[in-house]
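Notes follow the structure.
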Amino acid sequence: IECALWDILGKSLKQPVYKLLGGPYRNKIRVYANGWTGGAIEKEEVRDKIQIALAAGYQALKFSVAVPVWPIKDPTVVRRITLLAETIRKNIKPEILLMFDGHGRYDPRLAIEIGNALKDYDIFFYEEPVPPDDEKAMAEVAKNVPITIATGERLVTKWDFQRILELKAAAILQPDLARCLGFGEALKIAHLAEAHSAYIAPHCPMSPVLTAISMHLDAVIPNFLIQERLFLTDWRNDIISEPLRVENGFIKLPEKPGWGIELNEDLCKQHPVIPTHIPKLFREDGTISDW
């Protein structure tokens with residue numbers, strides 16, 4: 001509702017939302033692809049996926065490995081992560097950014113081991129190495145891993161983010177504008193991060209609608225880093241009036257009023273709800289493991 005009200009206000013004044021906040025710092029938004037691997041871990045398939053993502057205009061990629069984790073020590077998981085990182089890094093140019101998402105799966109000991117195993121692959125940031133509500137554990141990882149820590153997709157208010165910043169548990173915050181009470185609260189979180197010399201990289205593994213909304217936040221804050229975008233190659237790219245095109249790693253900032261988009265309701269009606277297929281991971285003893 002809050003995001004809808006910003007759109008109504010901008011359109012009533014015939015101005016993009018970012019101009020209501022004083023205007024943009026930048027005219028294009030740096031983005032990275034999430035979900036581009038499609039779960040692939042075999043070398044040949046990963047190489048093919050890399051070429052598809054690069055051909056789509058991306059210059060930054062995030063990867064993850066969805067396997068069940070045994071607590072404290074799990075050499076199998078560490079090997080699989082490093083092998084995938086090695087495959088990706090060998091098949092992209094040095095200037096291509098590479099990020100790793102832990103999805104909050106690990107305890108601090110295993111998270112530290114994984115972080116140090118990845119140090120030779122030039123990882124841009126290490127996302128959610130431990131559950132984000134355990135700020136002290138995340139701070140421990142941050143102190144013992146030579147990769148910048150990112151977190152925030154599951155956090156809601158500025159107070160949640162303040163605890164992360166005070167403990168120096170992460171230097172990159174990832175508020176989700178569909179979860180953190182909207183655009184206004186995200187803007188406060190960004191200002192709070194700036195006061196702690198931290199950066200903003202909004203979470204957005206969703207539709208182009210939320211990507212477009214997030215881009216207005218990215219435009220008006222000095223400490224914007226990079227914007228997440230779900231890698232889509234189907235009709236979902238066209239649910240907004242002017243699809244977001246990635247060119248040389250950037251998306252041009254919308255110039256139309258409000259969020260700068262209109263929803264193609266007719267196209268949406270042509271497609272049923274897409275069921276979410278979150279992996280269900282179980283350890284060898286039957287215990288459920290965070291995906």
Side-chain angles (χ1 to χ4, degrees), residues 18 21-22 24-26 28-32 34 59-62 64 97-104 106 108 111-112 114-116 118-119 122-205 210-211 213-229 249-250 253:
Y18 59 77
L21 277 300
Y25 277 90
R26 48 194 64 85
K28 58 183 180 179
I29 305 300
R30 194 176 198 182
V31 296
Y32 71 86
N34 179 28
Q59 299 290 301
L61 309 170
K62 186 171 76 178
S64 183
L97 302 182
L98 183 60
M99 292 141 281
F100 175 68
D101 188 353
H103 278 295
Y106 318 123
I112 290 169
I114 291 169
N116 282 289
L118 288 171
K119 66 182 180 181
D122 197 13
I123 302 298
F124 189 55
F125 64 67
Y126 183 1
E127 181 176 333
E128 281 202 344
V130 296
D133 48 358
D134 191 350
E135 301 100 341
K136 291 184 179 179
M138 190 171 291
E140 181 183 351
V141 176
K143 291 177 182 177
N144 290 281
V145 167
I147 304 172
T148 305
I149 303 300
T151 192
E153 67 180 66
R154 309 188 207 189
L155 305 181
V156 179
T157 71
K158 55 184 169 291
W159 310 116
D160 297 329
F161 287 89
Q162 181 176 358
R163 290 190 290 272
I164 293 288
L165 292 167
E166 288 176 343
L167 290 170
K168 299 187 184 301
I172 300 171
L173 302 186
Q174 302 169 295
D176 185 314
L177 275 68
R179 182 180 178 89
C180 75
L181 309 182
F183 180 81
E185 187 76 355
L187 187 61
K188 294 175 184 178
I189 292 164
H191 293 327
L192 185 63
E194 183 186 2
H196 286 80
S197 299
Y199 293 89
I200 299 294
H203 176 254
C204 185
L210 188 62
T211 306
I213 293 172
S214 301
M215 288 170 60
H216 287 257
L217 175 70
D218 305 337
V220 299
I221 58 174
N223 54 330
F224 165 69
L225 185 66
I226 194 167
Q227 173 65 53
E228 179 175 23
R229 188 184 184 213
F250 293 85
L253 193 63

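For the numbers below, each heavy atom of this structure counts, side chains included, while hydrogens, waters and symmetry mates do not.
- Considering only residues two or more places apart in sequence or on other chains, D176 meets the salt bridge (charged side-chain N to carboxylate O under 4.0 Å, His left out) condition with none of them.
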**Item:** side-chain contact (heavy atoms from CB on, under 4.5 Å) evaluation trace for T157 with L181
**Value:** CA-CA 7 Å; T157 71; L181 309 182; 3.9 Å; yes
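- With sequence neighbours excluded, the residues that form a side-chain contact (heavy atoms from CB on, under 4.5 Å) with F224 are R26, I29, P202, D218, I221, Q227.
- Interatomic distance, CD1 of I149 versus CD of E128, reported as 11.0 Å (0.5 Å rounding).
- Applying the salt bridge (charged side-chain N to carboxylate O under 4.0 Å, His left out) test to E185 and every residue at least two apart in sequence or in another chain returns K158.
- The distance from the CD1 atom of I164 to the CG atom of L192 is 11.5 Å, given to the nearest 0.5 Å.
- Looking only at atom types and distance, the side chain of E228 has no donor-acceptor partner in the side chain of Q174 under 3.5 Å away.
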**Request:** Could you please spell out the steps behind the side-chain contact (heavy atoms from CB on, under 4.5 Å) verdict for Q59 and L97?
**Result:** CA-CA 7 Å; Q59 299 290 301; L97 302 182; over 6 Å; no
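- Here C204 contributes atom SG and L217 contributes atom CG; the two are 11.5 Å apart, rounded to the nearest 0.5 Å.
- From L61, atom CG reaches atom CE of M99 across 6.5 Å, with rounding to the nearest 0.5 Å.
- Among residues two or more places apart in sequence or in another chain, the side-chain contact (heavy atoms from CB on, under 4.5 Å) test is passed with Y199 by N223, L225.
- Distance check: N34 CG to D101 CG gives 7.0 Å after rounding to the nearest 0.5 Å.
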Sequence neighbours left out, cut at 3.5 Å: what donor-acceptor pairs do the side chains of residues 130-142 make with other protein atoms?
residue	atom	partner	partner atom	Å
D134	OD1	A137	N	3.3
E135	OE2	R163	NE	3.1

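- For H196, there are no ring pair (Phe, Tyr, Trp, His ring centres under 6.0 Å) partners, not counting sequence neighbours.
- Using cut-offs of 30° and 60° on the angle between ring planes, the pair F100 and Y126 is tilted.
- In this structure the side chain of E153 reaches within 4.5 angstrom of the side chain of E127, judged on heavy atoms.
- In terms of heavy atoms, V156 sits closest to R179 at CG1-O, 3.7 Å.
- Atom CG of L210 sits about 5.5 Å away from atom CD1 of I213, to the nearest 0.5 Å.
- Minimum interatomic distance between F125 and A150 (heavy atoms only, all atoms of both residues): CD1-CB, 3.7 Å.
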